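Remarks on the structure that follows.
None of the values given here were measured: they were computed from a predicted structure.
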Amino acid sequence: MERAVEEWLASWRNFVDQFSGLVVPSNSNSRNLATYNLTSTVQQLPAMQAAQRTISARHDYFELAALEQEETSWYPRLLDSVRFYVYCQEVLTGAKVYGVRERIRQWNEADKQTSLAEVHAILRASEHVLPVQMHLPTYLSQEGTLKTAVIGVEGVDFTNQEHLLPLLVSLVELSETRADYFLLVPVVNRKAGRGLRCNKEVFRWLKALNEGEEAATPADWQLPQPKAATPANVQPLLGIEAQVMVEPEENERLIGTLQALWKLLEYRRRLADASSSERAWLSQVETVTRLRVETDLRWLQPRVNAENYTSLTQCVTRCLNHDSSVEEEQLVTLLESLLNTAPTQATEI
């Protein structure tokens with residue numbers, strides 16, 4: 001419970017510390033970093049409020065309902081305002097804006113609808129090329145500043161690569177949309193099963209090949225990765241339920257550990273020329289990642305074989321000690337190796 005509160009506070013403090021970077025950016029990352037942390041603040045708000053309710057129930061000191069209502073209203077409004085401010089600074093440079101509150105509402109709604117319409121048009125076009133039925137997302141999911149379009153597909157066998165390739169080729173124009181990732185899930189009888197999570201770079205690459213252009217093959221970590229449907233990630237698909245798969249906890253811990261390391265490598269790469277405030281934020285991320293990963297390693301040690309544990313700890317040590325030779329591809333390869341030698345597999349409920 002306390003962890004949810006601490007994580008929310010960390011994101012909020014980071015935004016406050018980086019607020020000056022919105023107004024007077026020291027580099028191209030400054031505005032993005034401040035927006036990222038405010039986005040995390042809003043996304044972590046429900047978990048923080050739930051944890052705070054549980055903690056306060058022990059003492060009955062405060063009535064939190066009114067405060068939560070204010071928080072739920074004002075933090076998203078602040079995020080909308082910051083995003084609109086960045087848009088004005090980068091797109092409407094020097095232009096005066098009147099009726100700001102209504103303008104922000106209109107811009108935010110138009111931005112969401114435009115992003116969705118781009119995806120919907122491409123999915124409808126695919127239905128005219130292939131014998132498939134597309135289930136369209138009602139909104140784009142967001143984690144930090146990254147957007148994911150969840151797409152339900154009827155009429156394609158996801159276990160057959162010969163069926164998957166035509167599907168992916170029919171969707172290459174998704175590379176031109178505002179989404180960063182695409183979760184494609186097979187749908188049978190309104191149940192979504194295990195699908196694929198695709199990076200935008202995959203569609204960019206396929207589009208170039210389809211047009212006869214030379215293109216560099218995406219890195220291993222950018223290639224489509226298997227992804228199980230869950231009740232949470234299929235929420236954008238109206239009327240579709242997840243065919244729930246239970247992953248062994250060892251697998252979840254392995255995936256979580258290596259994902260945390262991957263995010264850390266990404267932050268270091270993007271903030272290579274960071275300002276002092278950004279370096280301070282990165283230092284906090286490194287501390288949080290170290291604590292999380294060390295906790296996972298202690299849990300995993302008696303549950304995975306010695307060879308796998310040694311490989312994992314060596315990779316963790318290199319990442320946490322700033323070994324620059326560690327790359328994202330190595331993390332993906334290690335994860336695949338560890339999961340392939342796991343003693344148990346996912347089971348269907």
Side-chain angles (χ1 to χ4, degrees), residues 28-29 32 90-91 110-137 139-187 192-227 229 233 236-237 262 265-266 269-270 272 326-337:
S28 59
N29 288 320
N32 291 337
E90 296 180 352
V91 180
D111 184 62
K112 290 178 181 178
Q113 292 306 316
T114 300
S115 299
L116 265 183
E118 293 170 346
V119 173
H120 287 182
I122 294 163
L123 300 183
R124 289 302 186 203
S126 177
E127 289 180 322
H128 293 296
V129 176
L130 299 174
V132 300
Q133 178 185 349
M134 296 292 185
H135 294 268
L136 311 184
Y139 61 90
L140 299 185
S141 305
Q142 188 155 345
E143 181 180 355
T145 56
L146 299 177
K147 296 179 180 178
T148 297
V150 183
I151 301 166
V153 185
E154 283 196 50
V156 173
D157 180 1
F158 273 56
T159 64
N160 188 328
Q161 291 190 1
E162 292 183 2
H163 291 182
L164 275 176
L165 184 57
L167 173 66
L168 296 178
V169 171
S170 76
L171 299 175
V172 293
E173 293 300 328
L174 289 174
S175 62
E176 304 301 323
T177 67
R178 306 182 196 190
D180 302 286
Y181 291 93
F182 304 89
L183 176 57
L184 307 177
V185 293
V187 175
R194 185 182 295 274
L196 289 177
R197 184 174 186 261
C198 299
N199 189 296
K200 176 184 284 188
E201 292 303 317
V202 169
F203 292 111
R204 209 166 265 154
W205 172 60
L206 288 173
K207 182 180 180 181
L209 294 180
N210 200 41
E211 294 174 353
E213 300 176 2
E214 292 188 8
T217 304
D220 288 348
W221 64 274
Q222 293 175 321
L223 294 175
Q225 302 292 329
K227 180 78 173 178
N233 63 30
L237 301 178
W262 176 82
L265 294 181
E266 277 290 285
R269 181 176 63 81
R270 295 184 183 187
V326 180
E327 298 180 350
E328 289 92 342
E329 291 90 337
Q330 292 174 265
L331 297 183
V332 174
T333 301
L334 176 59
L335 178 60
E336 291 175 346
S337 173

Distance col, row Trp205:CH2 vs Asn199:CG, nearest 0.5 angstrom, shows 12.5 Å

Taking CD in Glu211 as the centre, count heavy atoms belonging to other residues, nucleotides or ligands within less than 6.0 Å. Is the count above 12? yes

Side chains of Thr114 and Arg178, heavy atoms from C-beta outward: is any pair under 4.5 Å? yes

What is the distance from atom CG of Asp157 to atom CG of Leu167, rounded to the nearest 0.5 Å? 11.5 Å

Determine the minimum heavy-atom distance between Arg124 and His128, stating which atoms define it. O-CD2, 3.2 Å

Which heavy atom of Ala229 sits nearest to which heavy atom of Gly193, and what is that distance? CB-O, 3.4 Å

Measure the spacing between SG of Cys198 and CG of Asp180 and express it to the nearest 0.5 Å. 13.5 Å

Is the closest side-chain heavy-atom distance between Val156 and Leu184 below 4.5 Å? no

I need the minimum non-hydrogen distance between Ala179 and Leu140, along with the two atoms involved. CB-CD1, 4.5 Å

Determine, stepwise, if the pair His135 / Val185 fulfils side-chain contact (heavy atoms from CB on, under 4.5 Å). CA-CA 10 Å; His135 294 268; Val185 293; over 6 Å; no

From CD1 (Ile151) to CG (Leu183), nearest 0.5 Å: 8.5 Å

Are any non-hydrogen side-chain atoms of Lys227 and Asn233 less than 4.5 angstrom apart? yes

Quick one: are Val119 and Lys147 in side-chain contact, heavy atoms under 4.5 Å? no

Report, as yes or no, whether the 6.0 Å neighbourhood of atom CD on Glu213 holds more than 12 heavy atoms from other residues, nucleotides or ligands. yes

Whether the side chain of His120 engages the backbone of Pro137 through a donor-acceptor N/O pair (distance < 3.5 Å, no angle test) should be reported. yes

CG/Leu168 to OG/Ser126 distance, rounded to the nearest 0.5 angstrom? 9.5 Å

Rounded to the nearest 0.5 Å, what separates atom OH in Tyr139 from atom CG in Leu237? 9.0 Å

Arg197 to Tyr181, cation-pi by 6.0 Å centre distance and 45° axis angle: yes

I need the single residue from Leu174, Val169, Ile122 that forms a side-chain contact (heavy atoms from CB on, under 4.5 Å) with Phe203. Which is it? Leu174

Taking the side chain as everything from C-beta on, heavy atoms only, tell me whether Leu171 gets closer than 4.5 Å to Leu123. yes

Does Glu118 reach the main-chain N or O of Glu176 with its side chain, forming a donor-acceptor pair under 3.5 Å? no

pair Val153-Phe158: side-chain heavy atoms closer than 4.5 Å: yes

For Val202 against Pro224, the heavy-atom pair lying closest together: CG2-CD, 3.7 Å

Would the distance check show the side chain of Lys200 and the main-chain N or O of Thr177 forming a donor-acceptor pair, the cut-off being under 3.5 Å? yes

